[in-house]
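As structure tokens, the structure follows; a few thoughts come after it.
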Amino acid sequence: MAIGDKTLIPVKNRDNGTVGYTVPELGIRREFSHNETKQIEMQELRKLSWLPGGNQLLSQYLTVENKEALLELLNQEVEPEYFYTEKEVTELLLHGSDDQLLDALDFGPDGVHDLIKDLAVKLKVDSLSKRDIILDKTGFDVTKAIMINEASKEVDDAEEGTTGRRSKPIGEEKKEETAAPARRSKYTITK
């Protein structure tokens, strides 16, 4: 059963950056921020898939969250890794096997690769074998990225500690000199 032109299909940007496209025939220009989901008419997605680079966007950087629509647009079944979200990648990095990570990097789209690299650093993945797999498959060194983040954080923390006042502001010394004279002696009045 064909999907109607006006049927709304959820489409999500899985890439770390902004993803955009133009469908001149419909006069449409869209931009998706990181992790943004939009409801797009099937007619627009069909026309996008026919444009140069359209299939690349749909298969690598955007996630079409309707399997039937995706099958029609790409004209092929996609691997399960196509649908990986932050939740699945987190599970993969923390509890998945090395073979599952290798499959995700071999069969997953570029957007999933970016998500794997980003989350490996954020989660500080402690498995050296997983860090090595990511380095071998993508050229991205998780260990160095974590070290850079830690060093940057230490610099930020050190700078944050020096924001207290180091001296009196200009004009404060003069205020003390021009202050009203202080009483030199104590006296009490008795009745």
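In this text, all values refer to a predicted model and were calculated from it rather than measured experimentally. Note that the numbering runs from 1 along the sequence shown for the chain. Heavy-atom basis, side chains included; hydrogens, waters and symmetry copies ignored.
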Q | Pair Ile146-Asn149, side-chain contact (heavy atoms from CB on, under 4.5 Å): steps then yes or no | A | CA-CA 5 Å; Ile146 291 171; Asn149 279 355; 5.7 Å; no
Q) So Leu48 and Ile40, side-chain contact (heavy atoms from CB on, under 4.5 Å) or not? Walk me through it. A) CA-CA 11 Å; Leu48 172 62; Ile40 309 294; over 6 Å; no
**Q.** Stepwise side-chain contact (heavy atoms from CB on, under 4.5 Å) test for Leu105 and His113
**A.** CA-CA 6 Å; Leu105 291 167; His113 297 175; 3.9 Å; yes
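Look at Arg131 and Asp141 and you find no salt bridge, because none of the NZ, NE, NH1 or NH2 atoms lies under 4.0 Å from a carboxylate O.
Side-chain atoms of Tyr82 come within 3.5 Å of backbone N or O of Val64 as a donor-acceptor pair. A donor-acceptor pair under 3.5 Å is formed between the side chain of Thr138 and the backbone N or O of Ile134. A distance-only check finds no donor-acceptor pair linking the side chain of Lys47 to the backbone of Val23 [under 3.5 Å]. Asn13 places a side-chain N or O within donor-acceptor distance of the main-chain N or O of Gly17, the cut-off being under 3.5 Å. Counting only distance, with no hydrogens or angles, the side chain of Ser97 and the backbone of Gln100 share a donor-acceptor pair below 3.5 Å.
Remark: Lys38 NZ is packed, more than 12 non-hydrogen atoms of other residues, nucleotides or ligands lying under 6.0 Å away. In this structure, Gln39 places its CD atom where more than 12 heavy-atom neighbours from other residues, nucleotides or ligands lie under 6.0 Å away. Within a 6.0 Å radius of CG in Asn75, other residues, nucleotides and ligands contribute 12 heavy atoms or fewer. In the displayed structure, Glu36 atom CD is contacted under 6.0 Å by more than 12 heavy atoms of other residues, nucleotides or ligands. Within 6.0 Å of CD on Glu79 lie more than 12 heavy atoms contributed by other residues, nucleotides or ligands.
Looking at Asn16, Asp15, Asp110 one by one, the single match for side chain to side chain donor-acceptor pair (under 3.5 Å) with Tyr61 turns out to be Asp110.
In this structure, Lys67 is positioned above the aromatic face of Phe83, its NZ or CZ under 6.0 Å from the six-membered ring centre and within 45° of the axis. Taking the ring centre of Phe32 as origin, the terminal cationic atom of Lys12 falls outside the region bounded by 6.0 Å and 45° from the ring axis.
Counting heavy atoms from C-beta on, the side chains of Glu77 and Leu71 come closer than 4.5 Å. Side-chain contact between Leu74 and Val78 is present, with heavy atoms from C-beta onward closer than 4.5 Å. At a threshold of 4.5 Å between non-hydrogen side-chain atoms, the residues Arg14 and Val112 count as touching. Residues His34 and Thr18 form no side-chain contact, since every pair of their non-hydrogen atoms from C-beta on lies 4.5 Å or further apart. Between Ile116 and Phe140 there is no side-chain heavy-atom pair separated by less than 4.5 Å. Residues Thr90 and Leu92 have side chains not in contact (no heavy-atom distance under 4.5 Å, counting atoms from C-beta outward). The shortest distance between side-chain heavy atoms of Glu88 and Glu81 does not fall below 4.5 Å. A heavy-atom distance below 4.5 Å is not found between the side chains of Leu135 and Val142.
Across all non-hydrogen atoms, the minimal contact from Asp98 to Ser127 is OD1-OG, 4.4 Å. In this structure, Pro109 and Ser59 approach most closely via the heavy-atom pair CB-O, 3.2 Å.
The NZ atom of Lys137 sits 13.5 Å away from atom NZ of Lys117, with the distance rounded to the nearest 0.5 Å. Taking CD of Glu25 as the start and CD of Gln43 as the end, the distance is 8.0 Å to the nearest 0.5 Å. Atom CG of residue Leu93 and atom NZ of residue Lys130 lie 6.5 Å apart, to the nearest 0.5 angstrom. Atom OG1 of Thr85 sits about 7.5 Å away from atom CG of Leu115, to the nearest 0.5 Å. For the atom pair CG (Leu62) and CG (Leu70), the distance works out to 11.0 Å, reported to the nearest 0.5 Å. With values rounded to the nearest 0.5 angstrom, Glu68 atom CD is found 10.5 Å from Leu73 atom CG.
Grouping the Ile, Leu, Val, Met, Phe, Trp and Tyr side chains by contacts below 4.5 angstrom, directly or via other members, places Leu57 apart from Trp50. No chain of hydrophobic side-chain contacts below 4.5 Å, direct or via other Ile, Leu, Val, Met, Phe, Trp or Tyr residues, connects Phe107 to Val89. Under the 4.5 Å side-chain contact rule for hydrophobic residues, Leu45 and Leu26 share a cluster. Placement of Val19 and Tyr84 in two distinct hydrophobic clusters is found when ILVMFWY residues are connected by side-chain heavy-atom separations under 4.5 Å, directly or transitively. Under the 4.5 Å side-chain heavy-atom criterion for ILVMFWY residues, a single connected hydrophobic cluster contains both Ile9 and Ile28.
For the residue pair Glu44 and Tyr21, a side-chain donor N or O sits within less than 3.5 Å of a side-chain acceptor on the partner.
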